[in-house]
Every structure is written in structure tokens, then in C-alpha cells.
2 protein chains.
Amino acid sequence: MDELTPRQEEVLDFVLEKLERSGYPPSVREICEALGMSSTRGAQRHLEALERKGFISRAPGARAIQVRGGFREAAAYLPLVGEVPAGPLRYASEEVEEWLPVPGRWGGRGRFLLRVRGDSMVGDGIRDGDLVVVDPRPDAEDGEVVVALVDGEATVKRLRRRGKAVELVASNPAYPTLRVERGDAEVRLAGKVVALLRERV
Amino acid sequence: MDELTPRQEEVLDFVLEKLERSGYPPSVREICEALGMSSTRGAQRHLEALERKGFISRAPGARAIQVRGGFREAAAYLPLVGEVPAGPLRYASEEVEEWLPVPGRWGGRGRFLLRVRGDSMVGDGIRDGDLVVVDPRPDAEDGEVVVALVDGEATVKRLRRRGKAVELVASNPAYPTLRVERGDAEVRLAGKVVALLRERV
DNA sequence: CATTATAGTATACATGCGTTTACCTGTAAA
DNA sequence: TTTACAGGTAAACGCATGTATACTATAATG
């Protein structure tokens, strides 16, 4: 991509700012007004330059400006279905608190978000208030971080296989390890933790 | 917010899909075509209902549809501009590796993503490979996690004010603390770390 | 039963908006 | 000096677009 002149950069900045503020791009005349121009031709020339240099693409129609910020991965939307520990999980879509956009590759069949409460997994960098992306699956490998349902209550722990038994291990030594014998109907896996979002650092 | 009728939900879904695909909202007639309607009045009624129920807001002008957050928050796109520690940061848009979608409220003027390398901040739950959202600002408060430029190299540390001096503290005790006297031209802040993404847990 | 909300079709209208043509100015390169 | 280009003003054109009026049909509600 070519370099932009200062004035062209002002135009691109205004388009981005308008997009962020309003959710839709500006009209040519709004660009004129914002940059203090009295004729539409000037703004149009800038848009033509921005398109020629590959920063935007345009379609016929009003405000049909598409900003091409390099490679833009499509967003996936995941539902925030509850907190852990705390149960049960609410899958029913009417009860979902919120749908949040995440990078497209985090999406996948049945994946969902849980807000983690407590500090039992701080040793693995999972802190109070973090959102974890859960990939639903009935089983998991030794050493993976999972969401388990113990007596109907969801909890995040690291899974450890010990022969016929499995253990649910907290990464904070202040918390006890739960040992589960095979065939224990009171414990099952909700899924594996595959990614994480933190809103306040 | 009131509930939507199935048809109104179709309209909202199409608006969101068009926004995601094109970067700008559809016109009334594009909505008609997408839903197989021959008159604009129908789509208009749906938009009026969506506005009345609080799912969108509208402004005078073409395609001036703004989808309101909460239900399905719009995505913000942030550029991944490099790694820390490693410098300098590449702001020039033509060198940006990637643009990633994040929850809309994480967006904001000039915010960007950095991939964290090393384990100097594991005490704060920031691990090797994590992506941090940086809000650019020239200064920060005591105790905030910041991105600092030391001799041209970017680094993530916790800021501590000590009278006239500031300290850049790692949260892993194995790493040294850097003490900076006021007016030291070799150190400046790139911004504050406000959120975090982890792709592999 | 009357009323209200949803969901359409058909038609018309004013104008916002993108586009175009013509002309002017300054600056930098050939 | 000429040429080219960025950046701009002024005025006009025509269609896309949002909006409005009128009419119809269906279902739920009281």
C-alpha cells in the first residue's frame, strides 16, 4: 500500500472515527463539513485516492465505504451463559446475558463463555472476573483445563488422570484437589477451556 | 427490551450480517430485497419497531442505522502491531500483521494489540503469548500496568511512583525493577494495558 | 363484536447523496 | 518554462434513498 498524504490521512481518520462513533460511515458531504471544505469534489478526490491506494473500497450507493484495515478476520459471537463456580449453566437462549464478539478462529460449534469467580486458578493465569471460552466435550486429556460439573455445580479446574481415577486440581495450592473414581455419576465434563478474555487488567 | 417477533429478528439479523460483511448498514431497499419484500413500507415498519423496542437507533440520512449494544454488541477491530519485549512498535498501517475483532467496549481511539513474550508478568496473570489491549496515553497512575518504551524497546511492566522517580516493576520476582528519574528522555509510556486475550489456555 | 398489532403491496414525492464537468491555485519535478 | 499532481471552489444532474399516504389481510385481545 502506498503512503498517504497528510490530508488523505485526515479523511481516513474521520471515516474511522465516524464509523466508531456512529456504526456507519459518513457521507461525502459530512466529510466536507468535517474538514472545512465547501465543495464535495475535494472529498471525493480524497476518497478516490484512498481507494486507489487500497485503504478503502467503495460500492455504489450512499455511504458505501468499506475500510480495508489490512486483513480483517470475521468475528464469531459467543454467548455468556453464566459464572463458575456457580451453577447450573443456562443454555436457553432467552436467558443468555450477552453475546460477545471474539476472533473468528475462537468460534466453533457449541462454544460459549463463562465468567470465572474466585482465585482457584491464578497459577494458570486465570483470575477473578476473567471470561473463558469453553469448547463443549464429554472428555479431555491429562493436563487440560476443563469445566466440570460436580453435583450440578460448574467449576474450572485442571484435569489429571491417575490410573482409573481422575483428579480435578486447582492451580492455587490453597484449594483442595477433588479425586473422582471412574464411573462416578456425580461428576461430568462440560468442556475444555480453550481461550480467555480479561476486561480489566 | 421487549421481545422481537420472528420477522423483526430476521431484519435485525440481516442488518448485523450486512454490517459484519460490508462494514456499513443496509439501505431500506436492500432489506426489502433480502427478505423478499416488494414494498419498502414493510421494512420501514420493522425498523420502526426495532427502534421502538430499543434494538437500534436511527438518524436522518441514508443507511443511518445504529445497532445498540447489550444484546449483540458490535465488534471493534484492533490492529496487532507487534510483540513486547521487542521494538520498535509498527504503527504504519501497511505493516500491521492482522486486525482482530474484540468486544465493542474494548475499542477506542488509537487502541492496539501487542503480543507479550516472556514470563515477566505472570504474577499479574499475563503469560507468554497473550495479547494485551493497549490504550495509548502519555502518563499513568501508580499501580497500573503499562507499555513503556525503554531505549526504543517496548516492554510491559507495572508502574510504581516513588516521589519524583517512577519504577517499572515486573510481577515475576526473577526480573529486576527499572528505576527511572523524572525527565529521563530514554523512557516514555506507550500506553496502559486495559484488557487481555489468550488464545491457548 | 370492535380494537390493536403485525405484516404486507402499491404508489408517490422531496431530497440526500454520489457523480460529473469546468476552472483555479500552489508546489515539486523534468 | 513546462508538466504533473495534490487540493480546492462552484454549479449542476440524476438516481438512490428515506418517508408518507392509502389500502388489504391476518391474528390476538378484551
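We use all heavy atoms of the structure for the numbers below, so side chains are in, but hydrogens, waters and symmetry mates are not. The sequence lines fix the lettering, A, B, ..., with proteins before strands; numbering per chain opens at 1. Since this is a predicted model, take the numbers as computed values, not measurements.
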task = Compare side-chain N and O positions of A:H46 against OP1 and OP2 of D:dG7 and report whether any pair is under 4.0 Å apart.
result =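 Yes, A:H46 has a side-chain N/O under 4.0 Å of OP1/OP2 on D:dG7.
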
Residues two or more places apart in sequence or in another chain: which of them pass side-chain contact (heavy atoms from CB on, under 4.5 Å) with [X]?
X      : answer
A:E17  : A:R21
B:V122 : B:D119, B:N172
A:R137 : A:D135, A:E144, A:K192
B:R7   : B:T5, B:E10, B:L35, B:M37, B:H46

Just how far, in rounded Å, is [atom2] of [N] from [atom1] of [X]?
X     : N     : atom1 : atom2 : answer
A:E33 : D:dT9 : CD    : P     : 13 Å
A:L50 : D:dG7 : CG    : C1'   : 14 Å
A:L47 : D:dG7 : CG    : C1'   : 14 Å
A:L35 : D:dT9 : CG    : C1'   : 15 Å

query = For residues 120-133 of chain B, which residue pairs qualify under side chain to side chain donor-acceptor pair (under 3.5 Å), counting only residues two or more places apart or in two chains?
reply =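 Qualifying pairs, neighbours excluded: B:D124-B:R158, B:D124-B:S171, B:D130-B:R198.
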
inquiry  = By the side chain to side chain donor-acceptor pair (under 3.5 Å) test, which pairs, at least two apart or in different chains, include something from residues 23-39 of chain B?
reply    =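 For residues 23-39 of chain B: B:E30-B:R63.
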
query = Which residues satisfy the salt bridge (charged side-chain N to carboxylate O under 4.0 Å, His left out) test with B:R45, sequence neighbours excluded?
reply =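 Testing B:R45 for salt bridge (charged side-chain N to carboxylate O under 4.0 Å, His left out), a comparison that skips the adjacent residues, returns none.
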
message = Test of understanding: with salt bridge (charged side-chain N to carboxylate O under 4.0 Å, His left out), list the residues that count as partners of B:R160, not counting sequence neighbours.
response =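 B:R160: salt bridge (charged side-chain N to carboxylate O under 4.0 Å, His left out) contacts with B:E167.
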
query = Reading nucleotides 16-30 of chain D from the 5' end, what letters show protein touch, with B for base, S for backbone sugar-phosphate only, - for no heavy atom under 4.0 Å?
reply = -BBBBBB--------

message = Roughly what angle, to 10°, lies between the helix axis at the start of the helix from C:dC1-D:dG30 to C:dA30-D:dT1 and the one at its end, five pairs per end?
response =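 Answer rounded to 10°: the end axes differ by 30°.
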
query = From the 5' end of DNA chain C to its 3' end, which nucleotides mark the outer limits of contact with chain B, defined by a 4.0 Å heavy-atom distance cut-off (strictly under)?
reply =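 Span of nucleotides near chain B: C:dT6 to C:dC17.
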
ask   = Looking at B:K53 and B:E48, does any basic side-chain N land under 4.0 Å from a carboxylate oxygen?
value =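 No salt bridge links B:K53 with B:E48.
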
message = My understanding is that only residues two or more places apart in sequence, or in another chain, count here; which of them pass side-chain hydrogen bond (donor to acceptor under 3.5 Å, both in side chains) with B:R117?
response =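 side-chain hydrogen bond (donor to acceptor under 3.5 Å, both in side chains) check on B:R117 returns B:E83.
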
Heavy-atom side-chain proximity of B:I31 to B:L47 below 4.5 angstrom =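 Yes. Closest side-chain heavy atoms under 4.5 Å.
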
